[in-house]
Structures are given as structure tokens and as C-alpha cells.
Amino acid sequence: YSADSHYQLHPVLVSLKPSSHLPKRYNRRVSKQTRKLVGRRYERRSDFKKERIRRTLRRTQQVAKQWQKSAVKWALIAGAGVIIVVISLLLFSPLLSLREIKVRRISPRLDIEHVQQVMSPLFNRHLLFLTASDVRTILHENISDIETIEMQKIYPSQLIVTIGLHPLIARLEIVDPDEEAGQSTATGSGTDFLTKEGVYVSTVTQHGTESLQTIRLVDWGVRPTPDTVLIPPKILLRLQETREALRVQFGHSVETQTVYLRAQEYHMLADGISLWFDMKSSMEQHLQRYRIFLQSIPRSDIRQYIDLRLTDRLVYL
């Protein structure tokens, strides 16, 4: 062969017979040492697999913790962003401006249109910062006989106000002091009433007002106007106490009540006799004078009135 010659190797494929178990006659008996050696080998393989699984789980847990920290971090950032947006909307958004006011009335004599006109300055106020005291203040300043006020906010722009008025306790007759006795004139045609707080209201006759007592008002300085405090509550309370005391202690039925506003006195027409009281003395003092009078003078001798205002003497006609 020359130096330039070279060999070319070609792969040769040799078919192998399929593997099969050795015949039993060729099987050798495995010793205990061999079994132990093989067992330790398989144990090492098993331990290696378990260790690999533990490492994989440990790496997975570490990655999960990192993802959890990142998720919490971004969740906090997103939550803070949402809170800032919500606060900005609540504080500066025109969507929460008051644009509608609904009035619910408990008493039928409440003028809803008047209430809405009174509350008109509240429009375009931020509904979140509108308080119940703001509503009560503006209503009490313009409507004198309000008893209860309930406010409900319906977001984003509605306000519902429920108003209850003081109940009516008496019909009112305003007598012209310049008229002669027996020629009294009353404002309206049974449409003038007094509330329990002494506010004069003029309204149409309502159900249940037919049984109200009547109070005649004389000796007033300025012509009374509706929706103003006309007779102080302390005088109204004295009228009620006196009427009840005359009924219980003396068996009298009061027919009419007359209040002299400037003089701070009142007259009770009971069983045809007018009893004169004032606010200077207590009701007990007046009743004690009346007892003394009845012990001294027969009631049959009295034709018109008994003056119980004086402390040192009793005057009657």
C-alpha cells in the first residue's frame, strides 16, 4: 500500500435476537450479600428521586412566595390607586351635586312648593357634605311650625326630606279690639288655627278640626300674620290647665276662651259666667280665690263675671 492510500470505514448493521429470560437451568441462586447490594442501590436511587422532588418543591415554593409578594405589592398599589380615584370623585366630581329634592309630608297642610322654594339654595351643594343640620336650619328659619324633619340621601344627586308639622289644637278667632262688645270679627271662614306651639296658621278646614276648641284673641297690637308665633306656649298650657281644673274641681264646662294678648290675661266662660284670670298669679292662687268667693257669695247672685285677678279683693257683677 502506498502512503497516500487510505481506508474507508463503512458501518455494518448486525441484527440482534430479541431478549428473553434465561432458562431456569441457567439461573443461579442469589446470595444475601447480592440482595443487600442491589437493595442499597435501589434505595440510593429512591433517595435520590425523593431529594430531587424535595428540591423541586422547595424551588417551586420559593418562586410562589416571590410571586405572592409581587402580587400583594401590586394589589396594594392598585388598591391605593382605586381609593385615590374614589376620593377624588367624591370630593370633586359634579356627579354628586344635589340636583333633585323630594318632599314627603306627614301633615296635609304642608305646602310642598313652598318647601322646595325654601330649599332651593341647597341645589348644586355637594351631597356628601350636606348635613342634616344644614337642612333643619334653613327649614326652621323659613317655616315656623315644623315639628320633625327626616333627611335621606339617595346618591348620586337626590335628597328626600320628610316633614312633620305641629298638630292643630284650637280654632282661632281674631277679634278687632275697636269693635263694640258682641260685634267680633274673625279672619277667614273657620280657616284660622293655632298649633300646640302657638303658631298662627291659615289653612283649609281639615278632617278632625271640627272638634277643636275655639280661642278668641283680642287686645293685639299688630295685626297677626300667618306662620308666626301668636300666643306663647306658656299661655296655651295655662289655658289647658285652667280648663281641666274647672272641669274636675268645680264641674264647670268651659264654653269660650278669650285671650288678651297685650294684657297677659285670659277669660273663661263657664256655665254662663265669665271668670277672669291673668298670668301674674299662679293657677292655684286663682282657684283658691274662686273657692273663697263661692263660700262667701252664692253663684246665683252672679250675672256676668268674676274678677279673680286681684289679690286683696274680689270683684263680680
Side-chain angles (χ1 to χ4, degrees), residues 106-107 109 136-137 139-149 163-177 184 186-188 191-203 208-209 211-250 252-270 273-293 305-312 314-315:
I106 299 176
S107 174
R109 62 186 175 89
R136 292 191 182 98
T137 299
L139 288 175
H140 282 299
E141 288 178 351
N142 295 274
I143 303 175
S144 55
D145 61 333
I146 291 180
E147 183 177 25
T148 60
I149 299 175
I163 299 176
L165 302 179
H166 291 293
L168 302 177
I169 63 168
R171 290 179 175 272
L172 182 65
E173 291 184 3
I174 303 177
V175 180
D176 191 342
S184 61
T187 60
T191 61
D192 298 326
F193 299 90
L194 277 177
T195 70
K196 72 173 185 178
E197 296 297 319
V199 177
Y200 165 37
V201 296
S202 181
T203 183
T209 58
S211 60
L212 294 178
Q213 59 179 323
T214 299
I215 297 178
R216 301 173 71 246
L217 179 67
V218 298
D219 192 29
W220 39 267
V222 179
R223 185 74 184 180
T225 57
D227 299 324
T228 58
V229 178
L230 187 57
I231 300 179
K234 64 177 183 179
I235 297 181
L236 293 177
L237 180 61
R238 177 67 72 84
L239 289 175
Q240 179 182 355
E241 293 175 347
T242 304
R243 187 172 62 251
E244 184 67 15
L246 291 176
R247 183 186 68 82
V248 174
Q249 298 183 26
F250 301 96
H252 294 330
S253 176
V254 177
E255 302 166 13
T256 62
Q257 307 167 93
T258 303
V259 175
Y260 292 81
L261 199 56
R262 289 187 296 181
Q264 292 289 291
E265 66 179 65
Y266 58 96
H267 298 176
M268 294 278 187
L269 183 62
I273 302 297
S274 180
L275 304 176
W276 294 4
F277 303 86
D278 60 17
M279 298 298 295
K280 295 179 180 179
S281 301
S282 66
M283 185 186 65
E284 289 75 13
Q285 291 173 333
H286 287 111
L287 296 179
Q288 182 62 27
R289 294 169 195 164
Y290 186 45
R291 292 190 188 94
I292 295 174
F293 181 86
Y305 67 87
I306 303 174
D307 191 349
L308 303 174
R309 300 171 300 172
L310 303 177
T311 58
D312 55 346
L314 295 174
V315 179

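The structure displayed is predicted, hence computed values, not measured ones.
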Are any non-hydrogen side-chain atoms of Val199 and His166 less than 4.5 angstrom apart? no
Got a sec, which residues hit side-chain contact (heavy atoms from CB on, under 4.5 Å) with Pro167, two or more places apart in sequence or on another chain? Glu147, Lys196
Considering only heavy atoms from C-beta outward, does the side chain of Leu287 approach that of Leu246 to under 4.5 Å? yes
Keeping the roles fixed (side chain from Arg309, backbone from Asp278), state whether a donor-acceptor pair exists under 3.5 Å. no
Residue pair Gln264 / Ile235, side-chain heavy-atom distance below 4.5 Å: yes
Check each of Leu212, Leu239, Leu236 against Ile169 using the side-chain contact (heavy atoms from CB on, under 4.5 Å) test, and report the only one that passes. Leu236
Would you say Ser202 and Thr225 make side-chain contact, with heavy atoms under 4.5 Å? no
Taking side chain as C-beta onward, heavy atoms only, is Ile106 less than 4.5 Å from Leu165? no
Roughly how far apart are Glu265 CD and Thr258 OG1, rounded to 0.5 Å? 10.5 Å
In Å, rounded to the nearest 0.5 Å, how long is the span from CG of Leu237 to CD1 of Ile231? 13.0 Å
Output for pair (Tyr266 OH, Trp276 CH2), nearest 0.5 Å, gives 14.5 Å
Treating Thr214 as the side-chain partner and Arg171 as the backbone partner, does any N or O pair qualify as donor plus acceptor under 3.5 Å? no
Going by side-chain contact (heavy atoms from CB on, under 4.5 Å), Ser282 matches just one of Met279, Glu284, Lys280. Which one? Glu284
Any non-hydrogen side-chain atom of Gln285 less than 4.5 Å from a side-chain atom of Leu308? no
Among all residues two or more places apart in sequence or in another chain, which pass the side chain to side chain donor-acceptor pair (under 3.5 Å) test with Gln213? Arg243, Gln257
Restricting to ring pair (Phe, Tyr, Trp, His ring centres under 6.0 Å), what partner residues turn up for His286, sequence neighbours left out? Phe277
Less than 4.5 Å apart, any side-chain heavy atom of Leu217 and any of Leu194? no
Closest non-hydrogen atoms of Val259 and Ile215, given as atom of the first, atom of the second and distance, are CG2-CG2, 3.8 Å
Residues His140, Ile146; criterion side-chain contact (heavy atoms from CB on, under 4.5 Å); working and verdict: CA-CA 7 Å; His140 282 299; Ile146 291 180; 3.9 Å; yes
Flag side-chain contact, heavy atom, 4.5 Å: Leu269 against Arg216: no
Test side-chain contact (heavy atoms from CB on, under 4.5 Å) applied to Arg247 - qualifying residues, sequence neighbours left out: Glu244
Give, for atom CG of Leu139 and atom CD1 of Ile163, the distance between the pair rounded to the nearest 0.5 Å. 5.0 Å
Between Leu275 and Thr242, does the side-chain contact (heavy atoms from CB on, under 4.5 Å) criterion hold? Intermediate values first, please. CA-CA 10 Å; Leu275 304 176; Thr242 304; over 6 Å; no
Sequence neighbours left out, what passes ring pair (Phe, Tyr, Trp, His ring centres under 6.0 Å) with Tyr290? Give chain and number order. Phe250, His252
Give me each pair satisfying salt bridge (Lys or Arg N to Asp or Glu O under 4.0 Å) with a member in residues 228-239, each pair once, sequence neighbours excluded. none
Would you sort out whether Asp145 and Arg109 count as a side-chain contact (heavy atoms from CB on, under 4.5 Å), showing the intermediate values? CA-CA 11 Å; Asp145 61 333; Arg109 62 186 175 89; 2.6 Å; yes
